[in-house]
Every structure is written in C-alpha cells, then in structure tokens.
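Report on the structure given below.
Model, not experiment: these values are computed from the prediction. To find a chain, count down the sequence lines: A is the first, B the second, and so on, and within it residues start at 1.
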2 protein chains.
Amino acid sequence: MSDALDTVFAALADPTRRAILAMLLEDDMAVTDVADPFDMSLAAISKHLAILSRAGLISQEKRGRVKWCKLEPDALREASVWMQGFGQFEPVHLDAFERFLAQELSVPDTPDTGTESGTGTDTDPAGSA
Amino acid sequence: MSDALDTVFAALADPTRRAILAMLLEDDMAVTDVADPFDMSLAAISKHLAILSRAGLISQEKRGRVKWCKLEPDALREASVWMQGFGQFEPVHLDAFERFLAQELSVPDTPDTGTESGTGTDTDPAGSA
DNA sequence: GGCTTATTCAACCAAACGGTTGACGATGAC
DNA sequence: GTCATCGTCAACCGTTTGGTTGAATAAGCC
C-alpha cells in the first residue's frame, strides 16, 4: 500500500472500525473498553486498532497497564480533502458531443458556483496510478 | 457488505480505482480507453469498473458496442459527509483527567447543536456494528 | 456471412482480510 | 511472591481481493 490514502480508505471500509472511530469521537478509550460492546474477541479488536493506528486515524499511548486510544482526525481530513475534489463541481451529465457544444457556445468563465466547472485536473487527486 | 459506506470506502481504497475516478473527472470514457494507461489486462479494469459501479461511484451506459463510464459524485458526497463528522470539530487533546474536569465544569446537558464538542453520536455515523 | 473490436465471463492463483484460539510478556493489586 | 488483568503474538481457518489467461458474447464493418 504505497499511498497513504490506501490505508485510510481501507481502514474506513470496515463497519467495526468505523464504529470504533465513532466511539473514540466521544472519548479516549482503553483497548478493553473499545472491545466491550463488540461481539468479537479482544484480539480481533486489537487488530482493528492496529489497522486504524497504521492508517494514522488513531494514536495509542500506553499509560501503565492500559493502552489508550485517541482519535486523530488529521488523517481523515486528508482523505476528505481528496474526496471533495470530486464533490465540489457541477456533475457532468453531458456526453462527449454535448460537452463539445457547451464548450463552443458558453463563456469560458460561467461562474455557476463561483468555481470553475469540472477543472479538477490540476489538482490530480489520485496521485499514483 | 451491508452498509453503503463499506462498498464506497472499499472502492476508494485501491489506487487504480482512484486513478480511474480522476480520469472520469475530466471526461466520460469507454472501458477500453479507461484501461489504456494502465499496465493491466482489460478484464482487470472491467472488474475495477464493476466495483466502482456497484459502489455507485460511476454509472455505465452501453451505447452501441461501447460502454461509457460516467462519474457519479453523489455516492462520494455521502461518504464525504460521514467523514466531515470527524473533521469538523475541535480535536480532542485532552486525557481522561482533563476531560473529567471539563465535564465537571461545563453544563451537563449542553445540547451541542451546531457547535463543537464532537458529539456525532446522534447521527451515529457508523450505522452497523 | 465473416472479420474485427469491445467487453465480460469463467476458471484459476497468490496474497490479504477478518476472525478464532491459546500462549505469552507486562503491569498492577494483594 | 502470587495472582489477576491488559494487550499482543503466533498459528490457523475460511473468505475476499486483485490479478492472470482464454473462451464467449455482442455489436459494428466490409
């Protein structure tokens, strides 16, 4: 998994892990307490937490015998920024010919939402290929 | 995969699929043209497109012999909304004791509507599990 | 009809995932 | 020291994933 987005999205793709993140949204928690509401072994939760930690979504700090888990929303924000590159533009409902026509007829600036429509190209959100 | 977020995040967890989405951001494309820049068989790209389609991130319309792929940003927006539930709050830098103090000092019932304090609990973003 | 192109299907493969169980090192309590 | 608790590690298991190849379906071209 070369890209950081790989690990973040992969971590988010599991409902157990999303539920864990939701729990940590309220409070920092010990591993055992995280595992408590789940019908699953402690080892499984420990693995889920390791995946979340590797993705940077949480951090874990061992204080005494207890390991505390804390939400780290920065990694999530990074992924959110990537996604908003797709969300913040006028959806393309045109096929190739209609797009060609629109380009020919309309003014290039057309500020429908203030931003240029459909030019997310320069940001290249995917990065790797 | 019960939750829709599962399929969306799982689809986004692959760099090839993210690159495909970035390509479709510029233009609707045929399957063969999507596959062209990748060092991968056409069947593999077809599978990736099926995954993206199943997640609702793209739609595919067969016109004649060619199947056109179109970006569908709505599914992405849904996931983005979920993520922003974690991003849009003051990050929790407090340990248990500090949190205890904050809870003791602040009003217990603070309805936290629209403001900080990170209670995404009412929305229950994780859904299952 | 027959060739070519576009796309998927089916079978297969290695690797990763998500879970279990049991053993184990650390740490705190008595 | 002894015991219980916290959490991870290691081995295992079944399923899923991401890729391959080759055959098959579908549509346009000549």
Side-chain angles (χ1 to χ4, degrees), chain A residues 1-3 5-21 23-24 27-55 57-70 95-96 126 128-129, chain B residues 1-3 5-21 23-24 27-55 57-70 95-96 126 128-129:
Chain A
M1 307 200 190
S2 54
D3 207 286
L5 290 174
D6 288 24
T7 56
V8 170
F9 283 130
L12 294 177
D14 187 280
T16 301
R17 288 194 287 265
R18 287 200 305 277
I20 290 174
L21 290 179
M23 290 164 60
L24 293 177
D27 232 334
D28 298 2
M29 294 179 79
V31 173
T32 307
D33 295 333
V34 169
D36 195 51
F38 295 99
D39 190 18
M40 197 181 300
S41 71
L42 182 63
I45 296 294
S46 182
K47 281 188 186 178
H48 281 303
L49 290 172
I51 290 172
L52 288 170
S53 183
R54 198 160 39 96
L57 290 168
I58 68 169
S59 62
Q60 293 181 291
E61 179 199 358
K62 193 166 186 179
R63 221 176 307 161
R65 193 170 42 171
V66 176
K67 202 170 192 177
W68 290 89
C69 306
K70 179 169 62 176
D95 61 20
S128 62
Chain B
M1 308 200 192
S2 54
D3 205 287
L5 289 174
D6 289 24
T7 57
V8 171
F9 283 130
L12 294 177
D14 187 280
T16 300
R17 289 194 287 267
R18 288 200 307 276
I20 290 175
L21 290 179
M23 291 164 58
L24 293 177
D27 232 334
D28 298 3
M29 294 179 81
V31 174
T32 306
D33 295 333
V34 169
D36 195 50
F38 294 99
D39 190 18
M40 199 181 297
S41 71
L42 185 62
I45 296 295
S46 182
K47 281 189 187 178
H48 280 304
L49 289 171
I51 290 172
L52 289 170
S53 183
R54 199 159 38 97
L57 291 168
I58 69 169
S59 63
Q60 293 181 292
E61 179 200 357
K62 192 166 186 179
R63 221 176 308 160
R65 193 170 44 170
V66 175
K67 201 170 192 177
W68 291 90
C69 306
K70 179 169 64 176
D95 60 14
S128 59

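Where A/Arg65 and A/Met40 meet DNA chain C, the nucleotide closest to each residue was compared, and A/Met40 sits on the side nearer the 5' end.
Summarising the geometry, the separation between CZ on B/Phe38 and P on D/dT20 is reported as 12 Å, rounded to the nearest angstrom. Atom-to-atom, NZ of A/Lys67 to C1' of D/dC9 comes out at 12 Å; the value is rounded to the nearest Å. The nearest whole Å value for the distance from the CG atom in B/Leu49 to the P atom in C/dA6 is 15 Å. Following rounding to the nearest Å, B/Lys62 (NZ) and C/dT5 (C1') show an atom-to-atom distance of 12 Å. Counting to the nearest Å, the C1' atom of C/dG28 and the CZ atom of A/Arg63 are 16 Å from each other. C/dA6 atom C1' lies 14 Å from atom CE of B/Met29, rounded to whole Å. Between the NE2 atom of A/His48 and the C1' atom of C/dG19 there is a distance of 8 Å, given to the nearest Å. Residue B/Ile51 contributes atom CD1, which lies 11 Å from atom C1' of D/dG19 at whole-angstrom precision.
Here B/Leu42 lies in heavy-atom contact (under 4.0 Å) with a base. Among the atoms of the strands shown, base atoms are found under 4.0 Å from some heavy atom of B/Ala43.
At least one side-chain nitrogen or oxygen of A/Ser46 sits closer than 4.0 Å to the OP1 or OP2 atom of D/dT8. Residue A/Ser41 places at least one side-chain N or O under 4.0 Å from the OP1 or OP2 atom of C/dT20. In this model, the phosphate group of D/dG18 is approached by a side-chain N or O of B/Arg17 to a distance below 4.0 Å at OP1 or OP2.
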- Item | side-chain contact (heavy atoms from CB on, under 4.5 Å) assessment of B/Arg18 paired with A/Phe9 | CA-CA 11 Å; B/Arg18 288 200 307 276; A/Phe9 283 130; 4.0 Å; yes
- Item | Test side-chain contact (heavy atoms from CB on, under 4.5 Å) applied to A/Arg63 and A/Val66, step by step | CA-CA 6 Å; A/Arg63 221 176 307 161; A/Val66 176; 5.8 Å; no
- Task: Take B/Leu57 and B/Leu12 through the test side-chain contact (heavy atoms from CB on, under 4.5 Å) and record every step on the way to the result.
- Result: CA-CA 9 Å; B/Leu57 291 168; B/Leu12 294 177; 4.0 Å; yes
- Going through the distances and angles, do B/Ile20 and B/Thr16 end up as a side-chain contact (heavy atoms from CB on, under 4.5 Å)? CA-CA 6 Å; B/Ile20 290 175; B/Thr16 300; 4.3 Å; yes
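The base of D/dG19 sits with one of its N or O atoms less than 3.5 Å from a complementary donor or acceptor on the side chain of B/Lys47.
The nucleotide whose nearest atom lies closest to any side-chain atom of B/Val31 is, among C/dT7, C/dG18, C/dT20, C/dT7. For B/Asp14, the side-chain atoms get nearest to D/dG18 when compared with the rest of D/dG18, C/dT8, D/dA4.
Between the side chain of B/Asp27 and the backbone N or O of B/Met29 there is no donor-acceptor pair closer than 3.5 Å.
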